[in-house]
Amino acid sequence: MSENEKNSNPSRRTFLKAMGLGSAGGALVLSGCGDTDLINEVDLEVRKEHVLPNVDPQDFVVPGNEIYYASICQQCPAGCGTHARVREGRVLKLEGNPQSAINVGRLCPMGQAGLHGHYNPDRLHKPMARKNGKLVEVSWDDANKALTKHLGTPNKKLAWIGGVESGHDAVLIREYMDAIGSKNWVNFDPMVPEVGLSAQEKVYGERLPIFDLAKADLIVSFGADFLGTWMSPVHFASQYAEFRKPSRGTLVQIESKMTLTGSNADRWIAIRPGTEGHLALAIASLLASDPHYAARIPNEMSKALKQINIAEFANITDVPEAQIRKIHHHLTTRTPSLVLSGWSAENGEQGEQAALAAHLLNVMLGNVGKTVLPRAQMPFPDLGARSGGWAKLSRVIQDLHRGKIDTVVVHGTNPLYHAPAFMEAKKAFAKAGFRVAFSMFPDETTLACDLVIPIHSSLEEWGSSYPLYPAKDGVLGLRQPTMYPVFGKDSTKAFGEVMLTLIKGVNPSFKHWGDYHAYLIDALSSMKGKMATMPKPQVDGETDQEALVQTMLSDGQVQFKTTANTLRASAILPKLRVPTSPGGKYPYTLIPSPRLGLWDGRHANLPWLQELPDQLSAVVWDSWLEIHPKTAAKLGIKTGDKIKVSSEAGDIIAKSLIVDAVVIASIHPEAIAIPLGQGHTEYGRYAKGIGVNPFELLNPTYDDDTGELSVAATRIQIEKIADYGKITTLATGDLVQESHTFHQAGRKLVKTISAEDFNRTEKEV
Amino acid sequence: MKDIEWSRINKDVLESLQSPRPLFWVVIAICVLVVLVGVGAEKYQYDNGLGVALMNRPHYWQLYISNFVFWIGMSHSGTLLSAILLLTKADWRKPIYRFAEAMTLFSILTAALFPIIHLGRIWDLYWVMPYPNERTIWPNFRSPLLWDAAAITTYATSSALFLYVGMIPDMAICRDNATGWRKPLYTALSLGWMGRAREWMAFRKTYVIVACFLVPLAVSVHSIVASDFAMSIVPDWHITSFPPYFVAGALYSGCAAIITLFVMLRYLFRFEAYMTEEIMEKIAKLTFAIALVWNFLNLGEYVSIWYSNDMFEKEVLIQKFIGPYAPVVWGMLICAMIAPFAMAFQKVRRSMWGMFWLSIVLQLGMWLERFQIVSPPLASNHEPWTWSVVWPGTIQLTITAASFAWFTMLFLLFCKVFPSISMYEVKEMAFHRRREGLHDEVENIHDIQEEIIKTERGLT
Amino acid sequence: MGLRRMLENWSDLRKRDYYENEPYMWGMAIDLDKCTGCGACVTACYVENNLPVVGKEKFASGYAMHWMRIEHYWTEPDDSPEIGQKEPSDHPERGAHFIPMMCQQCNHAPCEPVCPVAATYHTPDGLNAQVYNRCVGSRYCGNNCPFKVRYFNFFDFWKDLPEPLEQQLNPDLSVRSKGIMEKCTFCVQRIRAGKDHAEDEGHPHSVEDGTIVTACQQTCPTQAIVFGNLKDKSSRVHQLWADHQVKLNRHEQDKPEDVRGYRVFEELNVEPSVMYMDRVRDTEI
Amino acid sequence: MLFKKNRQRGPMAESVAEWDMKKGFLHMCQRAGTPWLFGLVALTLLLAGAVLPVTAWADDVSTAQQPIEFPHSRHAGKYKINCMYCHTFARRSKVAGIPPVSKCIGCHLHLPSVRNKPRIKKLFSYWEQKKPIPWLKVHDMPDFVYFTHKRHIQRFIFQDGRPTQQVCGMCHGDVKTFSVGRKVRAMTMGWCLSCHKQFQGVSDIGHPKPAKRWMIPVAPTDQAVMDVDFPQLAVMDPEHPKSIPNSVIEKLNRRLPDSVKAKIVHAPHDCWKCHF
């Protein structure tokens with residue numbers, strides 16, 4: 001981390017003036033008499049241009065000069081700190097906030113593309129209500145009336161479905177739910193590794209211990225795509241950079257479909273889908289034969305582990321025995337090491353057991369306390385991120401089916417898109433008496449609601465959020481309006497604002513806050529006692545309170561005092577069945593693979609991300625199906641062929657997907673991967689009608705222990721239905737495409753040297 | 001051979017200005033139609049951007065540039081026939097050089113359209129011209145495109161001049177016989193030509209000087225066009241032998257075009273008596289010789305790429321023969337490399353329609369040659385990630401077709417307005433034939449001159 | 001450049017190191033071992049530089065306008081599947097070979113001499129400039145670029161920009177219309193702002209290292225990209241070049257095999273300003 | 001063959017032949033429709049001239065209607081308000097900026113004497129509606145031009161200590177006499193260069209910093225090389241900023257030490273300084 005802080009050169013700060021925008025910007029309408037011309041043309045323009053002065057601007061607003069406002073990225077629950085560059089009253093770019101311990105000034109593509117959500121042409125900018133079965137735009141007065149009518153009274157049968165919710169938003173929702181007396185607040189985010197969190201809680205007594213990648217000398221990752229899609233990609237990427245410094249750490253990635261992390265591994269091992277746990281167990285068994293490691297687990301357990309036949313497990317996992325022994329050898333020689341489990345391991349049939357097996361290795365190797373570290377206690381746990389997965393969602397959907405819920409509120413999640421066809425979520429949803437969506441975009445769920453409240457983007461509103469995976473405990477991120485609402489004052493409203501009004505109706509104790517801004521500042525000020533540092537007034541005449549607010553806003557975060565904790569690791573012997581052997585009518589395992597970019601589909605409406613090629617297959621603006629060359633040869637499939645994919649659950653309701661094939665070696669021959677993200681039936685012009693959604697085909701296979709849906713355990717059948725079509729890739733060339741080999745053709749574009757040479761020749765720069 | 005009747009020359013040629021065969025009008029009508037379609041295509045391209053022409057990265061150049069090279073190439077034969085053969089005093093050039101020169105002028109005018117059509121911002125075209133301006137910005141004199149611009153304008157001007165100078169005595173003949181709107185036109189263009197000996201002497205000298213100027217110019221022009229490619233670092237463009245290769249190719253396709261137009265004119269304007277089989281045979285022999293030179297240079301190019309053993313160049317060469325553009329390359333080899341050997345047979349050389357179709361085949365071959373020079377190297381370049389194959393789209397093909405129509409239209413209109421056979425030179429040829437065995441008249445030019453001077457003195 | 005001055009100073013202009021006395025020479029170093037191929041740089045470039053999103057059909061037809069692209073290969077340069085192994089494997093067991101490819105700001109740029117209107121030329125601070133308002137669109141430069149990193153506006157892409165997306169456009173640089181060639185500029189607008197800033201601070205000839213960051217460098221989660229002034233001996237980029245023994249003004253580096261620095265297509269004598277560092281793999285595991 | 005005998009020709013004959021040619025050609029011209037031809041050439045030239053765009057003044061707004069006829073003459077002339085009092089951003093930003101409405105109101109609230117004039121009434125109506133005044137841009141640079149007021153103001157006003165009106169006047173003319181703002185300079189690239197090319201000695205980076213004088217050519221050191229012989233060079237008239245003729249620059253350059261000359265030679269226009 002020290003290096004990262006060094007990199008974010010302090011001299012650059014002189015450039016930046018991150019500051020708080022007092023009240024939503026006076027009359028910072030798109031004006032500022034600087035470059036009022038939005039489009040700088042390259043030809044001479046023959047026309048007369050207007051120049052609009054500000055009416056009554058803030059002192060620090062200088063037309064032509066940029067201002068940076070600190071904010072928090074809301075593209076995924078990682079909660080990276082951002083600086084929004086503002087000129088002439090419009091946000092122009094998002095950059096990482098160097099003060100944030102999560103991302104230290106960097107952002108991932110999704111964070112960069114946040115502006116396309118903010119300025120999205122398909123954003124909702126009028127409340128909508130269902131009239132005669134159709135959603136029509138209504139006035140805010142009508143919307144408020146409807147809101148009070150349906151949500152403003154105690155209602156036990158109200159369900160709140162949110163994404164990952166944290167900070168004061170979460171506090172308000174909790175207060176609201178308490179006030180109306182409903183217990184149905186569920187969070188659903190398919191990308192949060194709920195299975196892994198549960199396993200970690202069992203092993204370490206902590207749902208989310210800190211994984212210190214930088215300190216590890218060897219990382220063995222069972223499908224954890226920490227560079228791409230695992231909880232906090234930017235944070236892990238900056239740790240990864242540290243990890244790769246001399247002397248260089250080694251990364252072994254074991255998974256069925258290569259992820260971004262896999263493509264950066266020193267050794268990528270293709271494993272039979274759903275058998276990651278078996279491999280971990282085999283390694284544990286080898287470790288158990290060494291008393292040094294066996295001492296860390298109970299005796300019976302090591303005895304049980306020793307029973308394992310490595311050759312048999314090699315057979316099960318399709319990884320050569322020699323390879324397993326090699327990994328074991330390196331795990332014993334390189335310390336500290338770190339074992340992680342992620343998407344493909346945890347979403348198999350026995351997800352939690354596989355995760356337990358992976359974490360058992362950490363316990364046996366003595367990594368707990370070295371690379372797996374305890375979290376410090378945050379004084380305000382209510383502000384923490386509330387997440388949930390399929391188990392909670394399917395419970396709500398069942399409740400809806402049974403009529404136990406009459407009002408649904410959806411905020412920040414899109415269950416109707418994600419839920420597999422077998423859940424019949426749409427039907428269940430239709431059974432609710434009244435449905436409300438707080439939403440920015442016309443997504444599938446929003447358009448199925450009866451009342452749609454268009455909310456501000458995260459760059460237009462006040463708010464706070466707490467990261468899902470805090471890099472540093474006790475840091476609450478703050479958001480502030482960086483510009484005047486894109487569609488004007490009376491179009492969208494801040495979520496907090498709407499909630500506050502709603503709560504005032506059911507809980508009079510909130511009445512004394514005029515608006516959400518006042519509430520937030522008040523709430524933060526009341527936590528003063530628990531803050532790590534108290535800023536001193538910098539300017540004459542500034543009160544302590546003003547100094548506090550100014551510092552909080554320009555930092556974009558607040559650090560609370562935390563209390564240290566310890567981890568108590570307990571070894572748990574995973575109970576893994578031998579998986580059913582492939583074959584029969586559905587011989588292949590479907591891996592719906594998330595990717596950095598479209599994520600789980602929530603970013604499909606951002607053109608920048610649609611146009612960002614997939615890191616491995618280089619496909620843009622489309623869905624595809626990854627298939628190993630051997631399997632492809634067997635079935636006579638070539639890149640670009642149209643493939644029909646069907647599953648058992650899909651066949652019952654006669655649902656199948658048709659998608660283009662990409663023959664690529666970075667996948668296990670028994671696995672078929674279809675990326676997540678496309679296949680929207682709504683969600684604006686950029687997302688609608690592109691590609692397919694692999695979730696639709698999933699079988700109702702649930703993890704035994706956690707009740708989460710086993711997303712990567714569905715068996716499928718594929719069938720070629722048409723020959724080579726055009727598939728859009730970064731490498732436009734047919735020459736590249738037909739072979740799809742991506743050869744360097746003798747040019748020295750990227751060469752590899754061995755880590756041995758690297759450690760010898762490189763020194764820290 | 002039945003000789004041309006002196007007295008019929010004027011009549012026959014002037015006849016051609018009035019009543020060509022009806023097919024002439026059909027051809028003109030088709031040409032105008034195609035040109036209009038082409039203009040529409042260009043308008044569409046202008047409005048929407050060059051993307052509609054289906055070029056892309058890395059195929060930044062395509063048909064427009066290969067057409068440009070093709071038309072510039074075609075312009076070379078006119079100069080060759082008329083200037084080089086004038087200097088080498090080949091008498092048989094006389095009935096055909098006029099239309100060959102016209103062909104030169106019109107093909108270069110057609111060629112000049114292509115860089116303009118090809119340009120991304122046509123409206124800023126004038127920036128390519130070195131004109132003094134307040135910004136003290138000049139075009140980039142290092143760019144071969146600028147040399148092109150200079151070479152083409154020079155060549156167009158001088159070949160127009162050459163054509164015009166050679167036409168002055170005929171203009172006088174026309175003037176004397178013309179009526180209506182043609183009368184003032186010919187009067188202006190004939191510059192008061194009276195056919196006096198003194199005028200003839202000045203005329204001869206001017207003509208020869210312009211010819212001397214034009215021959216090296218023609219060679220340089222196509223060398224410069226070749227340097228558009230040779231000066232780049234694109235593999236298989238960056239070839240030292242490109243200038244002579246281009247010049248040979250130019251003469252080759254130009255000669256083939258002359259054969260085509262020869263047959264066409266002979267039929268349309270009833271020039272059977274002038275454009276005889278003997279002349280055709282001579283052109284065919286010339287074409288055959290040039291074809292052999294071109295063949296040699298072409299094979300030499302392959303060999304030198306092969307032995308240079310440069311990875312990039314070799315790759316492109318191999319791709320040419322087995323890659324996606326292989327049909328074009330093989331088509332080119334069959335049409336331009338093998339087909340000309342038909343001209344080894346006298347029967348073919350003397351058959352008008354045989355030669356007509358053969359010349360079409362040769363031109364097709366040379367057109368494909370230009371395409372395979374431009375496109376395959378762009379398809380598989382240095383950077384393997386960007387390899388891609390693109391075939392020209394409808395817009396490009398339409399504009400290409402329109403360029404052929406445009407050329408044919410201009411050419412036929414010229415032949416309708418101006419005598420496409422040089423009357424005075426054909427007379428001269430007939431005169432020479434009669435005086436077989438005698439010395440050339442130029443031998444005595446000095447004596448004649450002296451005589452004239454004496455006469456002039458006597459007069460003044 | 002004025003014609004007269006060009007002629008007068010012909011011999012100077014023809015010197016190999018034309019700008020040797022200038023205080024700046026912008027360069028980059030990209031560590032391919034740190035590069036994870038995530039694509040954050042690509043998106044950051046779109047945001048910063050007003051790059052148009054062309055949509056599916058146009059992307060497929062090769063009209064994409066990403067100034068920066070991440071290429072990846074599955075093989076080593078000699079086509080062996082992975083380091084130290086000759087026989088083919090079923091899987092890419094050493095992962096992918098990523099390389100961010102953008103304009104290399106060649107010091108002997110092949111694109112520069114061929115532009116008929118001198119819209120592309122070399123600036124005194126070592127950048128390969130592309131002046132949009134001068135460009136006439138002959139596309140010769142695009143052909144002559146061995147890296148194929150020049151992008152041509154085949155359409156008026158920005159005219160397709162729906163409201164209110166145009167509010168995002170960066171006012172610091174132009175939005176290119178049809179018929180113009182464009183390419184990576186090393187974020188020239190940021191360089192310009194940085195120099196102005198240095199001038200405000202009163203040290204016009206020396207921009208402090210790290211003051212100017214390109215958009216791609218700024219966002220790179222692993223900080224694989226380092227940008228700076230190669231003539232400043234204390235800059236990070238200069239140190240990286242020196243440590244990896246890559247020198248300017250040569251088409252072949254005289255350095256040990258295991259030192260990681262290299263420049264792509266150096267052998268063409270184009271003198272790129274971007275140094276890449278080999279990717280590394282642990283061969284023991 | 002053709003020229004064989006010419007070598008033996010006498011001087012006389014040669015001259016006659018030349019005359020012959022000349023006369024012959026002239027003769028030909030006379031007889032033909034020469035005016036006709038010349039007319040053709042003239043027409044071509046005319047057409048070409050029409051094609052070359054004259055765009056310098058295309059964006060002139062001096063005749064257009066501003067929302068309020070702001071009298072610069074009164075503010076800057078009569079009351080001698082510093083330009084930068086209202087255009088306060090000029091020294092801090094690329095753009096000089098139109099003053100915010102609050103600034104106008106700030107003063108005019110305390111000027112009841114003019115409160116009822118129609119212009120002021122209009123001003124207050126904007127203020128009451130909290131609406132920006134839709135001014136028309138008078139000096140509208142093309143979008144592809146990077147120009148920063150800040151650098152110019154900092155250099156000439158704060159570093160050189162010149163009077164504000166003089167410095168602003170270099171480009172904006174004698175504003176204190178204007179009733180409504182208008183453009184007095186073409187603001188073309190050549191006009192920019194008329195000043196800047198005298199600094200071309202060193203490029204952007206080695207921007208010359210002649211210590212006390214403006215328009216002193218190419219002195220990369222702080223030594224004011226020209227002071228002695230050309231004391232008048234630095235005199236500026238806001239209405240007529242003088243550019244030094246090339247001949248003078250050349251003469252001056254000749255006096256420069258070799259070390260400086262060495263820098264002069266690589267001093268191209270750097271288009272990217274202003275166009276990107």
Interface moiety of C:Cys220 toward chain A, non-hydrogen atoms closer than 4.5 Å: backbone

Residue selection (most heavy-atom pairs with chain A, distance under 4.5 Å) from C:Leu173, C:Leu51, C:Leu169, C:Asn170: C:Leu169

Segment of C:Phe265 engaging chain A (4.5 angstrom heavy-atom cut-off): side chain

Pair C:Lys34 + A:Glu762, salt bridge at N-O below 4.0 Å: no

Donor + acceptor pair across side chains of C:Glu76, A:Thr752 (<3.5 Å): yes

When C:Asp278, C:Val280, C:Thr43, C:Asp258 are compared by non-hydrogen pairs under 4.5 Å with chain A, the top option: C:Val280

Parallel, tilted or perpendicular, as decided by the 30° and 60° cut-offs, for the rings of C:His91 and A:His668: parallel

Interchain contact, C:Glu267 with chain A, by part (heavy-atom threshold 4.5 Å): neither

Sub-4.5 Å side-chain heavy-atom contact between A:Leu260 and C:Cys38: yes

Donor-acceptor pair, side chain of C:His72 and main chain of A:Leu616, under 3.5 angstrom: yes

Any side-chain heavy-atom pair of A:Phe236 and C:Thr222 under 4.5 Å: no

A:Pro613 vs C:Arg69 side-chain heavy atoms within contact, under 4.5 Å: no

Backbone N/O of C:Val54 and side chain of A:Glu611: donor-acceptor pair under 3.5 Å: yes

Residue part contacting chain A, namely of C:Ile180, when any heavy atom lies under 4.5 Å: side chain

Interchain contact, C:Cys41 with chain A, by part (heavy-atom threshold 4.5 Å): neither

Under-4.0 Å salt bridge between A:Lys93 and C:Asp172: no

Largest heavy-atom contact set with chain A, pairs under 4.5 Å, which of C:Asp31, C:Leu32, C:Val259, C:Val53: C:Val53

Under 4.5 Å from a heavy atom of chain A, the part of C:Glu163 involved: backbone

Cationic N near anionic O, under 4.0 Å, C:Asp78 to A:Lys751: no

Test item: A:Pro109 and C:Val42 side chains (from C-beta on) under 4.5 Å apart, heavy atoms: no

pair C:Glu93-A:Arg267: side-chain heavy atoms closer than 4.5 Å: yes

4.5 Å side-chain heavy-atom contact, C:Ile70 and A:Gln615: no

C:Trp74 side chain near A:Ile664 side chain, heavy-atom distance below 4.5 Å: yes

Heavy-atom contact with chain A under 4.5 Å, split by part of C:Met277: neither

Chain A contact via C:Tyr276 - which portion, at a heavy-atom distance below 4.5 Å: neither

Donor-acceptor under 3.5 Å (A:Gln610 side chain, C:Gly55 main chain): no

Side-chain heavy atoms of C:Asp33 within contact of A:Arg248, under 4.5 Å: yes

Which atoms of C:Glu266 approach chain A - backbone, side chain, both or neither, heavy atom under 4.5 Å: neither

A:Arg106 side-chain N/O to C:Thr219 backbone N/O, donor-acceptor pair under 3.5 Å: no

Contact leader toward chain A among C:Ala224, C:Ser89, C:Gly39, C:Cys135, where contacts are heavy-atom pairs under 4.5 Å: C:Gly39

